[in-house]
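What follows is a single structure, written as structure tokens, with notes after it.
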Amino acid sequence: MNDIRINKYLSSRGVCSRREADRLIDGGRITVNGEVATLGIMVSDDDDVRLDGHRIVGGDEPVVLAFNKPEGIVCTSARDEKNNIIDYINYPTRIYPIGRLDKESSGLILLTNRGEIVNGILKAKNYHEKEYIVTLNKPYSTDFLKNMRRGVYLNELDVTTRPAQVQTIDDKTFSIILTQGLNRQIRRMCSELGYRVVKLKRIRIMNIMLGDLPKGKYRTVQGEELEQLISDIEV
């Protein structure tokens, strides 16, 4: 790797955003070859870069993919699982899905090669938003919407869901923004209220939008979009 600015080096390793890197450097927490780093210093993989005394190991650049998962694909890195997402994408380097999107559902799921990105996104305490479009088997009532917004007690899991943002689309379809990721949460919520989900599509994870990405295709999350994602998981 050619010499690059220290803040870009830290960002490229998935440590933090460039803005946060500058704060770490200002705080004297970054060293390069045993010396306290200064803003704008240039480094490479040959340098010994450390955060709070712990070496930041060079290697593969962080990879984050946004994938439009078709129904029937299983979100697992287990290669012996039929129709697993890893074999379907067939990416040239090792990646794994961030969380899950159940087999019957479609839409956005992120994949990465960096564990710290996985952990940052999945931390429930951070209240990261995920947005879905949901179609039910019959028209819903006003009471249904109220319950979905304020939280639903799930008998199987013995937990009440967090309040959610819900917007109507038509008499059977609505959008919902969740800040938690319980197992099959939306399907369980609707079932508790007497409805069955016939179609579920995730369209956003934090700042990453599904947009017009074709079903079964992926794109690389990079540039400002990736920096924003990394910045947001530093909460």
Side-chain angles (χ1 to χ4, degrees), residues 1-67 75-81 84-87 89-101 108-130 179-181 205-209 218-235:
M1 183 180 88
N2 296 327
D3 286 0
I4 60 174
R5 289 183 181 275
I6 181 67
N7 59 358
K8 184 176 181 181
Y9 179 91
L10 294 171
S11 176
S12 72
R13 292 295 174 267
V15 175
C16 59
S17 67
R18 294 189 196 185
R19 184 175 65 252
E20 178 63 18
D22 288 341
R23 289 197 287 265
L24 294 175
I25 295 164
D26 274 339
R29 297 174 60 189
I30 304 296
T31 61
V32 178
N33 302 323
E35 301 290 335
V36 176
T38 56
L39 290 172
I41 190 174
M42 307 294 283
V43 297
S44 74
D45 283 339
D46 294 329
D47 292 306
D48 181 2
V49 181
R50 294 176 181 256
L51 167 60
D52 296 335
H54 300 286
R55 184 166 188 180
I56 298 165
V57 180
D60 294 337
E61 295 288 321
V63 172
V64 178
L65 303 181
F67 175 58
C75 293
T76 178
S77 55
R79 306 296 288 272
D80 57 348
E81 177 78 38
N84 70 81
I85 193 170
I86 302 303
D87 283 342
I89 293 178
N90 195 29
Y91 195 72
T93 60
R94 182 175 179 269
I95 55 172
Y96 34 94
I98 302 176
R100 300 178 68 88
L101 188 59
L108 181 63
I109 185 164
L110 303 180
L111 301 99
T112 187
N113 62 343
R114 305 300 286 261
E116 65 271 21
I117 295 177
V118 175
N119 294 335
I121 292 176
L122 296 184
K123 283 181 181 176
K125 68 178 183 179
N126 289 342
Y127 282 67
H128 294 316
E129 291 187 349
K130 297 176 183 177
T179 58
Q180 63 188 141
I205 298 173
M206 299 172 62
N207 67 306
I208 311 301
M209 305 292 296
Y218 67 82
R219 66 176 178 84
T220 302
V221 178
Q222 55 192 343
E224 292 183 3
E225 189 180 32
L226 178 58
E227 288 194 12
Q228 182 65 55
L229 179 71
I230 291 174
S231 176
D232 289 345
I233 65 178
E234 293 169 355
V235 177

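Values below: every heavy atom of this structure, side chains too, minus hydrogens, waters and symmetry copies.
- Residues satisfying the side-chain contact (heavy atoms from CB on, under 4.5 Å) test with Thr220, not counting sequence neighbours, are Leu65, Gln222.
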Working note: Ile30 + Ile6, criterion side chain to side chain contact (heavy atoms under 4.5 Å, CB included); need CA distance, chi angles, decisive distance, verdict. CA-CA 9 Å; Ile30 304 296; Ile6 181 67; 4.3 Å; yes
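- In plain terms, the two heavy atoms of Cys75 and Ile109 that are nearest each other are SG-CD1, 3.3 Å.
- The CE atom of Met206 lies 9.0 Å from the OG atom of Ser231; values are rounded to the nearest 0.5 Å.
- With a 4.5 Å cut-off on side-chain heavy atoms, Asn84 and Ser77 do not count as touching.
- In this structure, the side-chain contact (heavy atoms from CB on, under 4.5 Å) partners of Glu225, at least two apart in sequence or on a different chain, are Asn207, Ile208, Arg219, Val221.
- For residues 26-37, the pairs satisfying side-chain hydrogen bond (donor to acceptor under 3.5 Å, both in side chains) are Arg29-Asp52, Asn33-Asp47, with sequence neighbours left out.
- Using a 4.5 Å cut-off on side-chain heavy atoms (C-beta onward), Leu122 and Ile98 make contact.
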Please lay out, stage by stage, how Ile85 and Thr76 fare under the test side chain to side chain contact (heavy atoms under 4.5 Å, CB included). CA-CA 6 Å; Ile85 193 170; Thr76 178; 5.8 Å; no
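- With sequence neighbours excluded, no residue satisfies ring pair (Phe, Tyr, Trp, His ring centres under 6.0 Å) with Tyr96.
- Taking CD1 of Ile41 as the start and CG of Leu39 as the end, the distance is 10.0 Å to the nearest 0.5 Å.
- Contact between Leu10 and Ala21 at its shortest, heavy atoms only, is CD1-CB, 3.6 Å.
- Residues forming a salt bridge (charged side-chain N to carboxylate O under 4.0 Å, His left out) with Arg94 (at least two apart in sequence, or on another chain): none.
- With a 4.5 Å cut-off on side-chain heavy atoms, Thr38 and Val36 do not count as touching.
- Between Pro97 and Ile86 there is a side-chain heavy-atom pair separated by less than 4.5 Å.
- Ile205 contributes atom CD1, which lies 11.0 Å from atom NE2 of His128 (distance to the nearest 0.5 angstrom).
- Under the rule for a salt bridge (charged side-chain N to carboxylate O under 4.0 Å, His left out), Glu81 has no partner lying at least two apart in sequence or in another chain.
- Nearest heavy-atom pair across Pro62 and Ile117 is CB-CD1, 4.4 Å.
- Formation of a donor-acceptor pair under 3.5 Å by the Asp3 side chain with backbone atoms of Met42 is not found in this model.
- Of all non-hydrogen atoms in Asp232 and Gln228, the two that sit nearest each other are OD1-NE2, 2.7 Å.
- The side-chain contact (heavy atoms from CB on, under 4.5 Å) test applied to Tyr127 returns Arg162, Thr179, not counting sequence neighbours.
- Counting heavy atoms from C-beta outward, Val63 and Tyr91 have side chains that approach closer than 4.5 Å.
- Evaluation of the side-chain hydrogen bond (donor to acceptor under 3.5 Å, both in side chains) rule for Gln180 yields Gln185 as partners, not counting sequence neighbours.
- Counting heavy atoms from C-beta on, the side chains of Tyr218 and Ile89 come closer than 4.5 Å.
- Scored by the salt bridge (charged side-chain N to carboxylate O under 4.0 Å, His left out) test, Arg5 finds no partners at all (sequence neighbours excluded).
- Looking at Leu111 and Val64, their side chains never come closer than 4.5 Å, going by heavy atoms from C-beta outward.
- Leu51 has its side chain within reach of Leu24: a pair of non-hydrogen atoms, C-beta onward, lies under 4.5 Å apart.
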